[in-house]
Structures are given as structure tokens and as C-alpha cells.
Amino acid sequence: MLTIILIGFVLAIGAIAIHRLLKNYSGMAFAVYPAAAFVWFLTQYQTVASGEVVMSSMEWLPSLGIALDFKLDGLSLLFALLITGIGAIVLTYAGTYMKGVDHTDRFFVALILFMASMLGLVLSDNIISLFVFWELTSFSSYFLIGFKHEDKASRKSALEALLITAGGGLALLAGLVLLGIGGGSMSISELLTRGNELADSGLFNAAMLLIIIGCFTKSAQFPFHFWLPSAMAAPTPVSAYLHSATMVKAGIYLLARMSPVFNGADGWHATLLLFGATTMIVGAIIAILQTDLKKILAYTTVSALGLLTMLLGIGTSVAIHAVVIFILAHALYKGCLFLVAGIVDHQTGSRDIRKLGRIFKDMPYTAITAIIACLSMAGIPPLFGFISKEFSYESTIGMITNSPLTTSAFFLTGVFFTAAAGMLSYMVFFGKRNKLKVKVHEAPVTMVAGPILMALLSLVFGLSSGWINPLLDQASLAILPGNESLKMGLWHGINTELLLSLATLLVGLSAFSFIYLNPRLMSRIEISEKIKPSYAYEQVMEGIADLSKGVTRYVQNGYLRVYVSMMVGTFCVLALIILQDFGIPKISILWSDFRVYDIVIGIIMIIACFYTVMAKSRLLAIAMLGIVGYGVAFVFIIFGAPDLAMTQILIETLTVVLFVLVLWKLPRYLIFAEGFIKFRYFLVSALFGGIMTWIVMIVTQYPLDSHLKVFFSENSYPLAMGKNVVNVILVDFRSMDTLGEIVVLGIAAIGVYGLVKFNGDKKGGKA
Amino acid sequence: MKLLIPHIALAGILTWVLFFLTGWESTASRLLAVALGMFTLSWPLAYFIARQYFYKLPRLMNLILFFIKELIVANLRVAYDVLTPTTLMRPCIVAFPLEAKTDYEITLLANMISLTPGTLSLDLSKDKKYLFVHAISFKEIDVEEIKSGIKNGFEKKLLAVTR
Amino acid sequence: MENELLIVLLIPLFAGILSIFSWKNTRLQKYIFIGGTTALLLAAINLLNSVIAHEVITLQSAGWGAPYGITMVADLLSTIMILLTSITAIAVAVFSLSDVDQSRLNFGFYPLMCFLLFSVCGAFLSGDVFNLYVWFEMMLISSFVLMALGNTKPQLEGAIKYVTLNIVSSAFFLAGTGILYGLTGTLNMADLALRLSAIPDQNLVTLAAIFFFIAFGVKAAIFPLFSWLPASYHTPPVTVSAFFAGILTKVGVYAFIRFFTMIFNHDSVFIDNLLLITAGTTMLVGVLGAAAQMEFRKILSFHIISQIGYMIMGLALNTKLALAGAVFYIMHHIIVKTNLFLVSGVVNRLKGSFQLKKLGGVYSKYPLLGILFVISAFSLAGFPPLSGFWAKFILIKAGLEVQDYLIVTVALVVGFLTLYSMTKIWNEVFWKKMTIEEESEKEISPVGLWSITPMVIPVVFLATITLAIGLFGEPVMKLAMMTAEQLQSPEIYINKVLGLNE
Amino acid sequence: MEDILPFLIGGLYAGGIYLILHRSFVKLIIGLIILGYASNLLLFTISRVTRGAPPLIPEEASQLTEPFADPLPQALILTAIVIGFGIQAFAIVLIKVGYQAGDTDDLDDLNTTDRLED
Amino acid sequence: MIEIVSAAVIMTGVIFVFISAIGLVRLPDFYIRVSAITKAATLGVSCIMIGVAIHFNEVGVAIKAVAILVFLLITSPIAAHIIGRAAYEDGVPLWKKTKINEFRDYKEGKLKEKEKDENASPDEVGDPDN
Amino acid sequence: MNWFDIVLLIALILLSFSAILVFIRIIIGPSLPDRVIAFDLIGTITIGMIAIYSLTTGVESYLDVAIILSLIMFLGAVAFAYYMRKSHKQ
Amino acid sequence: MNSTILSTGIRILIPLFLLFSLFLLFRGHNAPGGGFVGGLVASIGFALYAINYGAERARRRFYLRPLKLIAWGLLIAVLSGIIPLIAGETFMTGLWYDEISIPLLGKPGTPILFDIGVYLLVAGTILGIIFSLWEE
Ligand code: NA
Ligand code: NA
């Protein structure tokens, strides 16, 4: 299994070269990959159907417990077959559909990448590698949705989809990690058996909620559903593949996968039911208000995803059966319909059902295919969609609580589905009149073959569902271990479900007639565009933008003094927190030590410092600075540091000289009187100075450990041959410091040279 | 360059010698070291000596003694004026016509004038014929007296050494 | 063994000296720099091998044993940092061939880069607080000069802020060093670690820690001390800002980790909370800053800040996994961030701007560049299976393990915002179509990507590393775990430096 | 003096920061220099001072005898002074060139690179 | 004996310096302060150096003391000269009692005439020309 | 404290007060050259103080500092003169 | 500055400065002074020259490019650290040649060499800075 996925990734990288080589036939060539994979998965059918699982495993990051473990059970196999099967169809289809479009190679790269990732997702048996593939599908779908990236709308939709799914992905990641920590393993198979440990760890609810959020974003559940219709900006094959058959079902897949752990928890059922139902109804209502073929399909897909979620939320035996059946049924008819929509669009140049009509004769194969798929969607026997619908009704009726409400929700949805099916088939291919300006032809066989196949499968599975019964049975067992075995069939006798189906059909058809006869209703649809649910998303995005601008203007406001005061302020706050534990140290001036010149020097330094700060003349400030420097030198002299004093005096004077050399070019000293602000800065500075004084007093009261001092004093002459211990330290004991110091000086010289000379030589002549 | 290299070389040699000697312990060597120290550190003297003006040593002593006398007198005068409440000083700027010709002569003269309290060499005319001196009298100003004081004092004694 | 450590320092130093000697021969300087960085990479790999074998390698400089002389120490963390530095340096060296103009070369660009490298390596290896100060200062002065060289107005503006704030932070560093000496009478980090823990009033130690918090905080650009970074990093040539972005702030982070795992160990709740709060706010404010910007390099600059927050988060959580996460994050970040800056340089060369509004259409024309950017950008945003994902994953796992949910939430939200601002660049620069007037206004000569090969090669090189770390991360992860282990048991380091237990 | 030093240091720190917080280029640099003095004096004071006894080994002795000033902080400060000088020299020239480029002494005018444009 | 001599010399120097300092505050104009005062301080310090040399009674110290003395004697008059000159060029005003200014006369080309006509009266106010 | 130490103490005190007086001149100016000269004089006084301090402590090495000071002060004065000329020309 | 008095004074002072700087350099190991202070003093002489005559003339007079001086200084300092490596010692270890004692230098040793490197570099740095500032 790893090999299959890896081949996909390699193929994705090589796709550009292959496309260059094969040009228009590349689509079919690429389709060989999923087709071959499909065949391989079919070979595993017997094994899986008999209840065994196929495992494969490879280490990846063992130190984090992350492995590329894959497990093929019923659920995985169902999805894997869908992914590879529909994948092959879509690739073939896309080869023709994308003919003549720029950068098709990039399209195939992303599509194949997606395919491989999706396979990885459904096969993974490790939560982290599952997550990796999960994000890879978001990533590749970003590029597929944004394929027409020169359109602003396309970019926007791609971003929307990415941000929503990736945002949910982050929640999912947290959820999965919590799951891993709580369950003590990264392996899904093991985790599924450790629900109790998870519950004991106290992480159960958090992990569940976060995982649900992740799945909801991916599977376009209300209130995250809006990205899916926007994603219709992608080329139609992409919509068919990602946004109906596979990617959006990844969320459903994961919910189903995790069901053994969470099923039974109240929160699980309530959340899934509530959000699933909402999504289902909202999607269905909006669907029939659309005029764009793809939009109708998109919203019905949203609704279908809601339905699946809801069924998972019901979580009973029948409901789980309904889930697996509906996954297959929906994939077949919805994939087919998307491809048909693409054909129609491709051949007629329009997707607006108000403009389309009466093209049945022009493209009969397409039309018949579409009609079959629509019948399945409407749940009309003997198509597979009918079986699916029957199971859905059965699961609601079997529910212990709230069944009337859920049943009516299903009923309503069924009605809208039927209506939508009518719109998609009748209005497009028959209808009133054709407003198109082009002559319509049937599409090439590479495009039509796929949809026909899918439509036929809807029919075949409906007529003889026994073929796939074992697979779906195993899939439902994976979702609900110990589930009773599944029995599919068209005829279960006259029962409530059948009656409901009939009622649905009738009401649905009348709803369709109503819409059809009142075209103005459809033109109201613009309203629904305006109250699009993405409004909230846009608000959030705008909020982020505003917040970020506000924060940035505040912290990064361009004023150096503010930056400095932030730094000093931070220090003061932190220091004060610690300092409050120390008392104010005692000031003990020993009058016996009193020396007049000490005091005089101190006073002169303080006054000089004051005048440096206050001076109105720049030169005075610098002269005063020099005096402070000399004062420092004198302090060094008093306390036995002649080397320091020398250096200080030399450096001090040189600094003054440099200042003087530079300053005559500058304008007059400006005094920026700012009153209150100045006072504020004064307070900050005074506080800072006070804290430093305080700290020095505290630390100097602490007894000093002088082992280094002693070592240097004893060894300087005998071992290092020098009597000036300071110099010996500089050139011997700590010569690394001095080496660094002289490098600093050298760099400073280069810097000054460059800075000064570069200025005179802007065009960059010789140095 | 032609000045620099001998300067460096001479300086190096002299330092070397000096250090050689300061290591010695006897009084004689100490005296010698003092002499050499003076010699090393008073470069202008070395300059003259290099020009074979040895025989002018008495004149040099004369100059130095005169200079010291002038210093003390001027200092006392200034001190008196500073410490008494009224200021007697009457300043003026005189253009002193130079007899000294070489840069060294002029510089030495100007520096001696500046060093003496009460006079200050302000500037030199471009043709080096005049030295403008800021001078202070403690009585009525007599320009000619100031000028002749310098001419017959510092300049005469200096030129006696240098020429 | 100690010579393996020494050679790491001598290579850039000699490269620097040689380049000054060949001041006027800038071509020779180029060869010296590229040769030097290559040699440094080899030396770093060699050192890493030795360090893995021997745990800690010391160089007691001038032959005086610790704590009397200055000890240079290579443990795993410092060696990893040096390895990354050399990788970045090579990339930048090649990039500079096309990027840096002749006038800058004439004024010592390469010697300065050599000394910058020297100082960075020195800072990573130093085992002495004051010596570290010296290396920091050397790093600062060479970065000052590189920042300002060229004298454009934005450069000077940026440089003035950069210089001022960094000098003030150095004052804190020096004062902190003084306090440590005043408390213990020693400067050797290992010796300090021992003596500080013996001080009865640990509040004094915390007090000293605050100084280093500010000093390193400025260098590492944490909130609220980062202001110099977004003010300046986008102003010098891309070669310079790429190296700065990759390495310089990480020196601050390195110092943070070194000091707060060994010298100021986590006895203080105050320090722990402080680091945690810093990590969170730094992440958030940084990413919000990035979200607000519309200039390529400014966005990247703010992201540096935000990402520093993650590294500090690892330090603050202080479990083995968290520290490993911080180390992994550093490794990932250095590579990726350098690369993104380099991409911005390539784009600028091709399209003549850093302003998102003036850019567009790069993906259509230069798909390879697009892919290279995507790899780095999505890695930065923490998309699997790129290096950034693992970095983030480890930290999140570590955070959840110690049940620090708030910081994990912040980390996740910041990850989302990172993606948001990275896709902004992608949208504006790569996907958006450039209007024809804008195209003609720029008068772009139709240069192919490969006409600036020296600029593209390093981008490919670094992107490959990112991918490799992502796909085959186990060795890196192991290294990070080993490093974390070492950081958690500083006694190995201390004993080796002070020659105890031997 | 030993008792005055902490206050002197505090005063210098305060003065230095106050100058930096002004808007003038020149005051900024002066402030940085004063900050340098303060740091050096802090390092000097905090490692304890000894009056009038430099760490110079006398002619006939081979090691120092107490009391003598601690030589290590002196060596550190010396290094710090020199490094500080290098950086200040560069900063002074930077300010000059910066002034020439911007034609202003007002630091508040230097906000074109990092202020968020509207 | 040596102590007495050195104490005397040092005190003389110190008093010179002190008087100069008083003068520097008291005296009326810049030029007077420079020419009358600052050099007095230099001489005072030179005295101190001699006193120190005497007291230490060591060759090394003597050399150093003499070195300082020589440096001061060379540099301080030159410093006074260039600052005075710069001040004059910069237009630092002369004291109102500075009646004779031959420097200005020279610049204005009047010096030659004045030498001929010695009775010419100087200007009332001695502002230097700018 | 013998009498010689007292003499030195008095000398130091006098020099300190001289320094303060000169310092006052720096503050009041009024012209730049006034300040420069006063600055120079402070240096000179410092030399004296250092010399006397080296006597009181008996550390002759301090005289080296005085030598340095005597050398470097000159550079300061020259630089200020340079500044005055340059800024005057502007 | 265009003053004869100053020019002459400086011509007298330069050798004094150089002399004194060597003095400081060589006895720095045993008394206050050393490479750094020595280098500063040496450069001050030329700085004065530059102020008086302009940097162009000073540069010509000085004839060594400050940058070269910096490079040589650095090289010598580093070499003094590498020499011990050849002798099998650690980097920067002080090696002393005990056989002779030169009056001025005392015993020759690598730390002295290091100080000479510092001296050259510092002189080069200060001259480099001052020349650049004057030359504009
Ligand atoms: Na050594
Ligand atoms: Na020294």
C-alpha cells in the first residue's frame, strides 16, 4: 500500500515531464495509475470481505512514535476503491476537458498529488500520518481550486477553502495529539480499543470536540459549509472528484473511523445530529434556489454531507448501514452529475439552467447518463439511490428519540433532492427553450465514458446489491464493531419507508414543477448569494486584518524613543516584582572614610551629567560628557585601576574628538519641548536609575567569592611572567576576549570607512 | 617620510638606551638616566644638538633662566590682580614685528610668549613678519614698551641660541 | 579533539584576515568567502561527529583550566547551531555572487561577512559569560556595518534603530554579567551554574536573570523588545537580511536556551511564567504584525518574531520533548527563513520590487520559483510533511502533555495566522496577474530564472533541506532529542568543563 | 566614595536613558555613551572596590598581597570600554550620515521604514 | 628635608592653580582669561610635578614627572594659541577696555599708516572685525 | 596622619575647589572658546590631582595616567579649534 | 588648520608620541600600559598631523594604509595564538623563551607578540577612522 501511495507522489513529481511528452493523451496515461491501483484493491476484495485486514508498516519517526502504518479494512477499501476508480475516470475525463488550457501539467501534478494523499488518508493506521495526508489533501486542493489563479474570485475561493480546512486541521491536530496522549498510542487500531483509557485520562471530551471540528471543516458542515460552493471555481473534474466523491468525505471518513471510540458519548450524538441536520436542510434549501449547475450540485453535496453526519450521529446499526450505502450511492451519482455538468459546460459554454434547455437530441448519451444519475439522486427504484434512501428512513424510524423530527428533516431533504434532480435533468436537457448561441455537439468518448460507467453502476448496484454487500458490511463493521450484518435489497415489502419514499417523490416533483413554472423565483436567487454564510468568514478575516493593523500600529509605531521606553519599562516592571522582596538597603556612610575630593568628584560628575542632559548647546553637552568621562577615570584612579583610567581618558577624548569632527555638519541643536511626555520619560529614567542603584546596593552587601582574584594574584608572575595583573589577564588568561575586542575595533574602522566613503561615492566606484 | 624615519629610529634607539640604564642601581647611573631622560623627552633640544649648537649651551641656560624669571614675575603680578577686588589689567593686541625667521624659532618664541602669564600669541601673519600678541599691562598701555620688552627679552635671547 | 573545535573559529577568522589583505581584489574575496564557508561546513560536520561521540568537547584557551581562563565548549546544541550557520553561510555566499553590487564589495562586504561568521561561531562556542558578551558585540558591530553599508535612507533609518536598541541591550548584558560576578566571583558558565545554585537567596539569581532576559530578549526579538527587527531587516541587501534572519536572532535564542537551562535553572516559578507569557505574546504579536504588512520582507521579518515565540515556548515548557521541539524548531526555522528571504531577493531581481501591490504573475512565468517558495512558505506555516510541521507538532504535543492548553491554543492560532499571511504573499506575488501597465512600468527585461543561477541554486539547496527534514526527519529528530537530553542534564557539561569526575 | 558610587551609577543610568528618550540624534549618542559609563562603573562597583591599591606586583615580590583591587573586573571593563568605543565611533558616524541622508536631527522623522502605511 | 621642600613646591603650585581658577571665573574677557590665567595653571601643575618628583626621589618617577612637565610646556601654549586664534576668527568679543587692536589694523591694511602716524587715536570699542 | 599627609589633603581640597570653579566657567561660558579653555584647564587640574593622589597612595603608576592625560588634552583642544573654524566657515 | 605654530609643534610632538607609545607597549606587561593604550597614543600623533595638514597629506606621510595595519595587527595577534599549537600547546597559551632577557622587552614570549598585534591594530583603527572622517 505504501508503494501505491509513493508511486502516486513520484508520479506527481514526474507529471510535468510526462505531460510534456504525451501532450493531450497524458490524461489517459495518468489514469493508468489509479486504474492499476483500483485493480490491486479489487484483488484484496475477497480478503477484506471475509473480515480480515491487510496491514503494511514502515517506520518514519520512531522517536515520536510516528509510523507509516497502513491498514486495509472494509471502510478503507470502500474509500480506496472510490478514490482510485473515480480517480481513473476523472483523469481520463480531465485529459480531454483541459485540452488547450494553459499549465495543464500543473493541474495534473496537483490532482495526482491529491489522489495519492487521499489514498494515504484513508489507509493510514497512524493518527499523525493520517493527519499528514489530511493536510496534503487540503494543500493540493488549494492548488486545484486556485488553478485559474488569475481570477480574483478563484484565488479567493482557494484561500477560503484552505483557511477553513487548515484551520480545522489545526483543531484536528490538537484533537489527535490529545487522543494519542490519552490513549497512549499513535496507532489507530490500538486507539480504537482504548476508549476507556482515554475516558480515564480526562481528555475524552476535548479530543472528541477538536476532532469533530476538524472533520466538520473538511466535510463542509454548517457553519463551515460555505467554502464548498465557492470551491466550484475549480475546474469541473476537480469538483467531481474532490468536492463530491472524495475529499469532502474525508471528514465523514474520519468521523466514521473514530466512531468506535466516541460512539456512545452523549456529546458525540448530539453534536453530529444537530450540525448534520442543520447542514442537511440548509444545503438542500439553498440548492434549489441556485441556477448554476455546479452550485446546485455543490449545495446538494453539502446537504448530503450533512445527511451522512447526521446518520453517524444516530449511530445505530441501521444508521451505520445507511452511511456506508449512501457514501457509495452519492459518490456514484454525484460524481457522474458533476462530470455531466462539466460536459454541458464544455460543450455549450454555459452552466446556467435558465439558459440551458432542449439539448437532449444534441447530446443524447450525456443526457441519458444524467437522467439515470438524477433518478438515483431522487431515490427512485431500481437505482442504488433508492436503497440508500430506504435505509436512511429506516434509521430515523428506528431511532429511540426525536424520530418524528429527524424523519421530517429527511423527508424535507428528500423533497428538495428530488426537485433538484428535476432541475438538473429536465431543465437542462428538455425545458422550455435553448438560449445558447452555439451549436451543441456530443462530447468525445473520453469524457462521456466515465459518467456513463458511473450511471450504469448506480443501476447495477441497485438491481443486484449483493455484489457489494460483503464490502459494505465490512465497512459498517469498521464503524460499529459487532454491527449486525447488512441485507440490501430493492423490495422490503410495503412499509413506512416505502410510503415515505413515495411521498417524497410526489412532493418533490410538485416542488420542482412549482420552481419550473415560476422562473422568477430563481432570479430571486441573488438574494441567497448576498446572505451567503461566508459573511461571517469575511467578518472574521476583516477582524483579523483590523486587529493586526491595530496591534502593529501600536507596538511598531516607528518612534525609537517608544521602543527604548518599552525595553526599559519592561525591565523596570520585572525588576520591581523581584525587588519588592528585598528591603531598602541601609546607607552606611562611614564618616571616618570621608574624603573631600571624593565628594567633589561625585558632585562634579552628577552636575556634569545633569548639564549633559539639559544643555541647550550641543558643544556644551559634549564638553560635559567629557567631564563625566574624566570623572569616571578619576574613580578608576581612586580605586586602583590605572590601566582603566588611562584607557578611559584616551577613549573619552577620542570620542569627544570624533563628535567634534562630525558635529559641525549638523544643524542647530533642537529642543523638542513636549511637556507631559518629557515628564513621563523623566519618570521612566528616574525609576530605572533608582532600580539600578538599589540593585548595586543589594548585591554589594552580599559576600564576594574571590577564588579567581586569588588565583590571578598568585599565578600572574610565576606562571604568566607579568607583573601588571590586568595586562596579564588581557593578553594571557583571557586573551580570547582581547582577540574579540580587537576584531571589533577593526570592524568598526572598516565600518566607518565604508559609511563615510560610500556616501561620497553613491554610484559605487573604486574604494 | 624623510623626517619621519629618522624620528622613529632615533626615538626607538633612545628609548632602548633609557631602559637599559634605568635597570642600573648606582647613583651615577641614575643621574645618567635623568640626563638621558631629559635628553630623550626634550626633543627640540635634541634637534639643536644635532645641528651642532653645543657651544651655545651657556646662552641656552641664559634663555631658560630668563624665562623662569619672567614666569615668576608675571605670575605674581597676575595673582595679585586676581586676588584684589579691582581689575587693573588693560589688554591690547599688538603686532610684534618678528626678527625670527625659521618655523622653529617662531614657534619657540610664540610658545614662550604664550606661556608667560599676561601675553598670548594670537596669530601669525601670512608672511610671517608679524606675531600678533594679546598683551596685558597693569598700567597705561604703551605698545612700544611691550614690543621692545619682547624684542629685547625673549627674542634676543632665543636668537642668540639659535643663530 | 580541541583542535576540531578551534578550527571552526579559525576558518572564518583567517578568511576575514585574508579578505582584508586582498581588500581591492573583490573577486579573490569571493573565492575566499565561498571556500571559507565550505571549509566551515566540513569542519562543522566533523565537529558534530566528534561531539556525538564524546558528548562535550572543550577548549581551555591559553592553557588555563576553567574557571580561570576562557573555556570554549562544543556540546550538541552549539554544534548544531554551528552546522546550521555554515549551511546558511554557504547558501548566502553563493547567493551573494549575483546579489551584492560591486560598490558594496569595494567597501569590505566579504570581510565583514567573514567576521560576522566568526562572531556567530564564537558566540555558540563560548563557555564564559563575559566572553559571550565580546562575541555578541563583535556580532553586533559587524551586523551594524552590514546593515548600514550602502547608505540608502531606509538602511540608515533601520540601522539607527537597530544600533540603538542593541547597544542598550548590551548595557543590560554587561550589567547582568557584573551582577553574576558580584554574586559568585566567577564568569565561567559551568562554574556559575554550580555557584549560583549555592546562593541562599535565589531571588538574587532571579534578579540577575532579568538582566539576561532583557539582553537576550532584544537579540532574540521577543515581545516587547523586538521593535528593532521589523524596522531594519528589510532594508539591507537580501544576502544580508537573509543571513540575519536565519542566524542572528537565533543566537539570542541560543543564549536563552543556554542560560535558562544551565545557569538559571527553572527553580523560579517567576521565570517559568515569564518565559511562557513571553512565548505566547511574542507569537501572537509577531504574526499579527506579519498579517498587517504588505511588503515581502517585512512580512517575513514579523514572522521571525512570531517563530521565536515557538522556540521560547519549548524552553518555557522545559520538558525533554519541549526542548527537543525548540531545537527542532530552530533547525527548521533557520533553513526556511533564510530561504524565504532569498526567494524575496530572487523575486525582487525578477520583478523589481518587494511591495506585494507592485508584484504579481511570478508563478505563471517562473513555476519553479513558485514551488520553491511554496515549500518554504508552507513549511513555515507548519504544513505536513514539511519540516515546520514536525517542529510545531513536537511543541504542541509537549504542551498538551504538560496540559498547558492556553499556550497550545495560541500556538495553533498563530499557525493559522501564519498560513494566512504566507498565502497572502503567495496570492499577491505569485498568483495574482500583473496588469500590463504595471509590467511595462517596471520595464522588466525578460530574464530567465537561470540567468541568475547563483541566486537560484541556494534556494533549491535550502528547499531540498527543508523537504528532506520533513520527509526523513528521524535523524534530525534524534539529534534534537539527544540535544534536549543534554540540556536537561547540564551536569555533563559542567563536569566536562570544570574537569570534575575524571 | 564607596557609598556614593551606587547613586552615581543610578544617576548615570537615569541620565543616559533620559537622553536616549529625547528625539535628537546627538542626545541619543551621548545617552548611549553615558549608559556605557554607567555599565562600566556598575561592573567596577559590584565586584567590590579597593582604594588606592592597583593590582601591580611590586618590584621585589612575585605575587600580590592584600589589599589589592580585583584585577579581573578591571580587565573586563577595559575590554568593554574598548568595544564600546568601537561601536560608539561607528554610531557617531552613522548618525552623521543618517542626518545627511534625512536632513534632520529629529529622530521622530525616522519612521518611514517601520510605520504601517495606511 | 626632602618632604619640606616638596611640600613647599607642591603648595606653591597648588596655590597658583587655585588663583588661576579664581581668575578664570572673575576676569572679564576670554582673551584675558587665556593669556593671564590658563598658563598660570599650567605652571602651577608643573610645580606640583616637580614636588612629586622630589618626594618620590626615584629615577623612574622623575622621568615621568619631567615628561609631564615637558608635554605640558609644549602643548599648552600651542593649545592656547590655536584656541585664541579660532576665537578671534569666530568673533568672540574683546573686553570693552581693549583699546588697541593692531591685529584688526593689520587686516584692514591700516597698520602701515599707523606706524607713520603714531598719534592716531584708537577706536572707542574694541570689537574685533568679523 | 603626619603633617605631610595633611598638606597633601589640603592640596587635594584646593585642587578640587579649583576644579569646581573652572567647572562653573564651563557652565556659564559664554562663548565656546571659553568652555574649551576651561575644559583644558580641568584636564590640567586633574593632572595635578592625579600626581598628588599618587603621592598619598605611594603608587607611582598613577603618574602614567597623568602623562596620558597631558598628551591627549592637546588633541581635544586642537579638535575644538578645528570645529570652531569649520563651523564658523559654515 | 594652517598655523605655523601648530605645525611646528606637531612636528616636534609626533616623535614624542611614538616614543611614548612604544614605552607603553613594551612595559605594559609589568606596569600600566600595553598594546591598546600604546596603539592609541601612537595614532594620536598622526591624528594631530591629519587635523593640521588634512588627511590626504597625513595618509601620504603615514604611507601604510590603516587597513593593512589592521590586517597585520590581527594576523600577528592570531599567530601568537597559533605558535603554541605548533609546540603542542593549547591555542593562545603563553610561550616564553627563557634563555635570554632583552632589556626592553624582558623575556620574549607570545603574549608580547599578541600585544604587538593589538598595538598595530589599534593604531590602524584609530587612523582609519580619523583619516576617513577628515578626508571628506
Ligand atoms: Na596567551
Ligand atoms: Na594594559
Side-chain angles (χ1 to χ4, degrees), chain A residues 552-553 556 558-561 564-565 568 589 598 602 606 609 612-613 618 621 625 632 639-642 644 647 651 655 658 662 666-667 670 672 681 685-686 688-690 692-693 696-697 699-700 704 708-709 712-714 717-718 723-726 729-730 737 741 744-745 748 751-752 755 759, chain D residues 1 3-4 6-15 17-21 23-24 26 30 37 41-42 45-46 48-57 62-64 69-72 74-75 77-79 81-83 85-86 88-90 92-94 96-97 99 105 107-108 111 114-116:
Chain A
T552 311
R553 286 220 176 85
Q556 192 74 24
Y559 295 118
L560 183 56
R561 54 204 163 94
V564 175
S565 50
V568 175
I589 292 177
D598 281 7
I606 291 291
C609 185
T612 316
V613 174
R618 194 181 279 142
L625 175 73
V632 173
F639 294 107
L644 277 186
T647 315
I651 292 289
T655 309
L658 284 188
V662 164
L666 265 62
L670 298 173
F672 307 101
Y681 286 148
S685 321
F688 180 64
M692 296 307 277
T693 303
V696 172
M697 290 167 98
V699 176
T700 44
L704 176 72
L708 256 64
K709 183 181 171 185
F712 291 134
S713 72
E714 285 173 356
Y717 190 62
K723 294 203 157 180
N724 178 2
V725 185
V726 175
I729 292 175
L730 284 174
D737 280 351
E741 166 201 321
V744 169
L745 275 185
V752 170
L755 212 53
N759 202 32
Chain D
M1 196 72 181
D3 305 299
I4 309 173
F7 295 97
L8 196 57
I9 292 165
L12 288 175
Y13 269 117
I17 288 294
Y18 189 61
L19 276 167
I20 292 171
L21 291 177
R23 288 158 55 182
S24 156
V26 180
I30 296 177
Y37 295 158
L41 272 186
L42 179 134
T45 310
I46 216 160
R48 318 300 190 274
V49 287
T50 312
R51 189 176 278 269
L56 299 164
I57 300 172
S62 70
Q63 64 181 52
L64 287 167
D70 190 348
L72 183 57
Q74 294 192 15
I77 295 169
L78 210 144
T79 308
I81 292 177
V82 175
I83 288 175
F85 169 72
Q88 280 155 21
F90 178 75
I92 290 173
V93 178
L94 177 67
K96 190 198 95 166
V97 179
Y99 158 70
D105 187 40
L107 285 169
D108 280 12
N111 57 9
D114 56 344
R115 256 251 302 266
L116 197 60

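Just so we're clear, the structure is a prediction, and the values are computed from it rather than from any experiment. Residue numbering restarts at 1 for every chain, and letters A, B, ... go by the order of the sequence lines.
Counting heavy-atom pairs closer than 4.5 Å to chain D, the top-ranked of the candidates Val568(A), Ile651(A), Leu708(A), Val744(A) is Ile651(A). Considering only heavy-atom pairs separated by less than 4.5 Å from chain A, the leading option among Ile83(D), Thr45(D), Leu94(D) is Ile83(D). Residue with the most contacts toward chain D among Leu704(A), Val632(A), Val564(A): Leu704(A) (heavy-atom pairs, distance under 4.5 Å). Among the candidates Thr552(A), Thr647(A), Ile606(A), the residue making the largest number of heavy-atom pairs closer than 4.5 Å to chain D is Thr647(A).
Distance alone, capped at 3.5 Å, places no donor-acceptor pair between the Ser713(A) side chain and the Gln63(D) backbone. In this structure, Gln74(D) contributes its side chain and Gly640(A) its backbone to a donor-acceptor pair below 3.5 Å.
Here the shortest heavy-atom pairing between Thr693(A) and Gly10(D) reads OG1-CA, 3.1 Å. Closest approach of Val726(A) to Pro55(D), counting heavy atoms only: CG2-CG, 3.6 Å. Annotation for Phe639(A) and Ala69(D): closest pair O-CB, 3.8 Å, computed over non-hydrogen atoms. The heavy-atom pair separating Gly86(D) from Ala748(A) by the smallest distance is O-CB, 3.4 Å. The shortest heavy-atom contact between Leu78(D) and Leu644(A) is N-CD2, 3.4 Å.
If you measure heavy-atom distances from Ala686(A) to chain D, the contacts under 4.5 Å come from the backbone alone. At a 4.5 Å heavy-atom cutoff, the contact between Leu41(D) and chain A is made by side-chain atoms alone. Of the two parts of Leu625(A), the backbone and the side chain both hold a non-hydrogen atom closer than 4.5 Å to a non-hydrogen atom of chain D. For Thr700(A), the parts lying under 4.5 angstrom from a heavy atom of chain D are both the backbone and the side chain. With a threshold of 4.5 angstrom between heavy atoms, Ala53(D) approaches chain A through N, CA, C or O but not through any side-chain atom. Contact annotation for Val752(A): both backbone and side-chain heavy atoms come within less than 4.5 Å of a heavy atom of chain D.
In this structure, the separation between OH on Tyr37(D) and SG on Cys609(A) is 10.0 Å, given to the nearest 0.5 Å. With values rounded to the nearest 0.5 angstrom, Ser565(A) atom OG is found 5.5 Å from Leu21(D) atom CG. Between atom CE of residue Met692(A) and atom CD1 of residue Ile9(D) there is a gap of 8.5 Å, rounded to the nearest 0.5 Å. If you take CD on Gln88(D) and CG on Leu658(A), they are separated by 9.5 Å, rounding to the nearest 0.5 Å. Put simply, CZ on Arg561(A) and CG on Leu19(D) are 14.5 Å apart, with the number rounded to the nearest 0.5 Å. The CG atom of Leu560(A) sits 8.5 Å away from atom CD1 of Ile20(D), with the distance rounded to the nearest 0.5 Å.
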> Can you check side-chain contact (heavy atoms from CB on, under 4.5 Å) on Met697(A) and Phe7(D), steps first, answer last?
Replying inline: CA-CA 9 Å; Met697(A) 290 167 98; Phe7(D) 295 97; 3.9 Å; yes

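You'll find the side chain of Val725(A) stays beyond 4.5 Å of the side chain of Leu56(D), heavy atoms only. Using a 4.5 Å heavy-atom cutoff, the side chains of Leu72(D) and Phe712(A) are in contact.
Annotation: salt bridge (Lys or Arg N to Asp or Glu O under 4.0 Å) contacts of Asp70(D) (sequence neighbours excluded): none. Applying the side chain to side chain contact (heavy atoms under 4.5 Å, CB included) test to Tyr717(A) and every residue at least two apart in sequence or in another chain returns Lys723(A), Ile57(D), Ser62(D).
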